[in-house]
Amino acid sequence: MSEREPAAERERTSEKLVELAKRRGYFFQSSGAYGGVGGFYTFGPQGAALKGNVEDAWRDRFAVAEGNMEIDAPTIMPEPVFEASGHLDGFDDMLVECPECGESHRADHVVEDETEYEDAESLPIPEVEDVIAEYELVCPSCGAGLAGQAVDAFNLMFATTIGPGDSDPGYLRPETAQGIFVEFPRLKEYARNQLPFGVTQIGRAYRNEISPRRSIIRTREFTQAELEYFIDPEADEPDLESVADVEVTLYPASEQNADGGEEIRTTIGEAVDDGTIASPWVAYFLGVAKPWYDAVGVDMDRFRFRQHLSGERAHYAADCWDAESEIDGNWIEMAGFAYRSDYDLSKHAEHSGDRFTVFKQYDEPKTVERATVDPDMSYLGPEFGGDAQAVVSELEALAARDRSAFEGDAVEIDLEGETHEIPVEKTGFAVEEQTEAGKHITPHVIEPSFGVDRLVYTVLHHAYREDEVAGEERTFLELDPEVAPTFVGVFPLQNDDELEDAARDIAADLREAGLSVTYDDSGNIGRRYRRQDEVGTPFCVTVDYESIERDEGGVTVRERDSTEQKRLAIGELAETLSAIRAGDLAFEELGE
RNA sequence: GCGCGGAUGGUCUAGUGGUAGGACCUGAGCCUUCCAAGCUCAUGGCCCGGGUUCAAAUCCCGGUCCGCGCACCA
């Protein structure tokens, strides 16, 4: 953990940031006129622009640069989707409150810890209450009896109804991922049935949190940027070489469990070689994410990847790492990188009856011997009546399982506990050679899932600076030009019609060049600089008398962090600033 | 959801049972040839509901929201 600032100092940073965010329009609590509503925030003009820039940067890196597809799915989906995904059950917490000490506990956990029940979560609530009474379970905190206490269900999903009446329940999605998984059968067509491929989505997700906390870090409505990357686990391998040299700080489970365990500084390549990161796919995306976080302005001294402990992993996740940033001395999760195996696609295949597989062609068609049956229905029909179809199924299964069963004159099959004999000649049994061009496989999924709001908060927090300019205290945001809400401020040096006109012209030119520009002629020049500093505008252009009196008089360009100024010809302004914005040119490289 | 603390202009705050003051910000004007300067003026506020009281922003109750701790975070 960082020791560079005392804890009290760090906390003040957070308080001051939240105050600045309100005052300057980064973010604030929603519906304030009605008393506010817990866990919902509005991004103001600055915040919306910053967030949009962060999302664009994410899209550039994880969709465009990786050659992935982006989709935009609805935020409301019908109940069966969440039955399949497991959110309907899995997102449902059973809480029981202790009558003595008032603490709430997960009822299913209390039951699992103290009885032989292993999956108490799947039990109906009355049954859980009965079990608590029957076993005389007690409060884990104070030991008071919990028998007779009501068990309350709390589902983290927001429920609604679709259409008139209440017959069609729907839910606001608790993660954007399901919108991708449910459309897999079509999405794979767009990928021309070729693995691997990735689908991204940036959108809102909703969780009715019991207790939203810490401003926009934990809210009830939030934005996720997710990538679902579908692979053939037996064949596909990531381009590890491209990220092998990326330096990372890792905090693996083994270190978290050890006394005095520490974070490890290593490279992606080494971490894969020595087995610290088990999945090369997860490692690859960690390697892509780290420089990206750096580029959008996360302080790499306050950044790490932490492996989930076995207890906190979702049951389907073979391995999971979080990207974490340090805020106020606490580590907060900004993204999760999970190997989800084929869990999601298999579940949707099972529940929907649709096919969530990709046909994978062999290099060479394979010839296989296969035992088949072609039963004589004119015999089985009269013989078994309504059970005839079940008999066929049994015969098919038996042929695949055990050919030797067909070697005698008659085959024995079990049907609902009864054994029946069927003459082999009536089964149409045959062993024949078949040519297979390939097989249907259910892809595995690697899911990098980013929390955009928490990232925005981190970027702001890590950019917050205080210094002194000309003996006056100054607050500024050292935002990267790529994400800063406004790229350049344009001012007249003084309030003078000629200067103002010239400055407005320049502002218009720069806007035409695609830059985000703000024009300001109120107060004095120093005040205007400080205003832009406080919202993180990287550059300010000031028009003075020299600019308008002489040809090629030029304007001053002032850089936010150093407050240094350089003189640039008006004609070169748009081009030069655009180059800086694109990262092709640095302010320091400009002449005087 | 439980416990503790809090809520006063846009922001930060002072305050007494007798209907609120400051600072900064913002706006208008003056001044000003590059970093929140100065002067004048102006806008704007007691979280919501109920109770006690002649009178409540202040006391009491309930609610909402915020912060912290616990729990929760598939």
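All values below were derived from every heavy atom in this structure, side-chain atoms included, with hydrogens, water molecules and symmetry-related copies excluded. Keep in mind it's a predicted model, so treat the numbers as computed, not measured. Every chain is numbered from 1 and lettered A, B, ... according to where its sequence line falls, protein lines coming before strand lines.
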So for [X] and [N], does any side-chain atom that can act as donor or acceptor lie under 3.5 Å from a complementary atom in the base?
| X | N | value |
| --- | --- | --- |
| A:Thr556 | B:C34 | yes |
| A:Arg24 | B:G10 | no |
| A:Arg558 | B:C35 | yes |
| A:Tyr529 | B:C34 | yes |

Residue-phosphate contact under 4.0 Å: [X] side-chain N/O, [N] OP1/OP2:
| X | N | answer |
| --- | --- | --- |
| A:Asn524 | B:A37 | yes |
| A:Arg531 | B:U26 | yes |
| A:Gln494 | B:U33 | yes |
| A:Arg23 | B:U26 | no |
| A:Ser85 | B:A74 | no |
| A:Lys16 | B:U11 | no |
| A:Gln565 | B:C35 | no |
| A:Arg527 | B:A37 | yes |

Rounded to whole angstrom, note down the [atom1] distance from [N] over to [M].
| N | M | atom1 | value |
| --- | --- | --- | --- |
| B:C68 | B:A14 | C1' | 25 Å |
| B:G45 | B:U11 | P | 13 Å |
| B:U64 | B:U52 | P | 23 Å |
| B:A56 | B:G18 | C1' | 10 Å |
| B:G22 | B:G5 | P | 32 Å |
| B:A28 | B:C12 | C1' | 25 Å |
| B:G9 | B:C2 | P | 28 Å |
| B:G15 | B:A71 | C1' | 39 Å |

Suppose we define a pair by two distances each less than 3.5 Å, Watson-Crick or G-U wobble; what does [N] pair with here?
| N | result |
| --- | --- |
| B:C73 | none |
| B:A55 | none |
| B:G44 | none |
| B:U32 | none |
| B:U19 | none |
| B:G67 | B:C4 |
| B:C25 | none |

Ignoring the backbone of [X], work out which of [options] is nearest its side chain.
| X | options | result |
| --- | --- | --- |
| A:Arg213 | B:G69, B:A71, B:G27 | B:G69 |
| A:Tyr41 | B:G1, B:G27, B:C66 | B:C66 |
| A:Glu175 | B:G1, B:C35, B:A74 | B:A74 |

> Does the cation-pi check pass for A:Arg204 over A:Phe222, that is, NZ or CZ under 6.0 Å from the six-membered ring centre and within 45° of its axis?
Replying inline: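 Checked: cation-pi criterion not met.
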
Given the side-chain rings of [X] and [Y], with only the six-membered ring counted for Trp, is the space between their centroids under 6.0 Å?
| X | Y | answer |
| --- | --- | --- |
| A:Phe230 | A:Phe184 | yes |
| A:Phe476 | A:Tyr464 | no |
| A:Phe337 | A:Phe450 | yes |
| A:Tyr251 | A:Phe305 | no |

>> Using a strict threshold of under 4.0 Å (side-chain N to carboxylate O), is an ion pair present between A:Arg530 and A:Glu534?
In response: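 Looking at A:Arg530 together with A:Glu534, the answer is no, because their closest N to O distance does not fall below 4.0 Å.
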
>> I'd like to know if A:Asp521 and A:Arg504 make a salt bridge, using a cut-off of under 4.0 Å between side-chain N and carboxylate O.
In response: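 The answer is yes: the pair qualifies as a salt bridge.
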
Sugar-phosphate, base or nothing in reach of [X], heavy atoms under 4.0 Å:
| X | value |
| --- | --- |
| A:Gly39 | sugar-phosphate |
| A:Glu333 | nothing |
| A:Asn495 | base |
| A:Glu546 | nothing |
| A:Gly86 | nothing |
| A:Arg474 | nothing |

How long is the line joining [atom1] of [X] and [atom2] of [N], in whole Å?
| X | N | atom1 | atom2 | result |
| --- | --- | --- | --- | --- |
| A:Arg530 | B:C35 | CZ | C1' | 5 Å |
| A:Glu472 | B:A36 | CD | P | 5 Å |
| A:Arg218 | B:C70 | CZ | P | 12 Å |
| A:Gln29 | B:G67 | CD | C1' | 12 Å |
| A:Leu499 | B:U33 | CG | C1' | 9 Å |
| A:Leu309 | B:A74 | CG | P | 13 Å |
| A:Glu209 | B:A71 | CD | P | 16 Å |
| A:Arg220 | B:C73 | CZ | C1' | 13 Å |

> Can you tell me how far CZ of A:Phe43 sits from CG of A:Asp453, rounded to the nearest 0.5 angstrom?
Replying inline: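 Output value for this atom pair is 4.5 Å.
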
> Between A:Glu19 and A:Glu534, who's closer to the 5' end of RNA chain B by nearest nucleotide?
Replying inline: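 Taking each residue's closest nucleotide, the earlier one in sequence belongs to A:Glu19.
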
>> Between A:Ser215 and A:Ala470, which residue's closest nucleotide on RNA chain B lies nearer the 5′ terminus?
In response: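 The answer here is A:Ala470.
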
> What is the ring orientation for A:Tyr293 with A:Phe303, classed by angle as parallel under 30°, tilted 30 to 60°, or perpendicular over 60°?
Replying inline: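 Plane angle between 30° and 60°, so tilted.
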
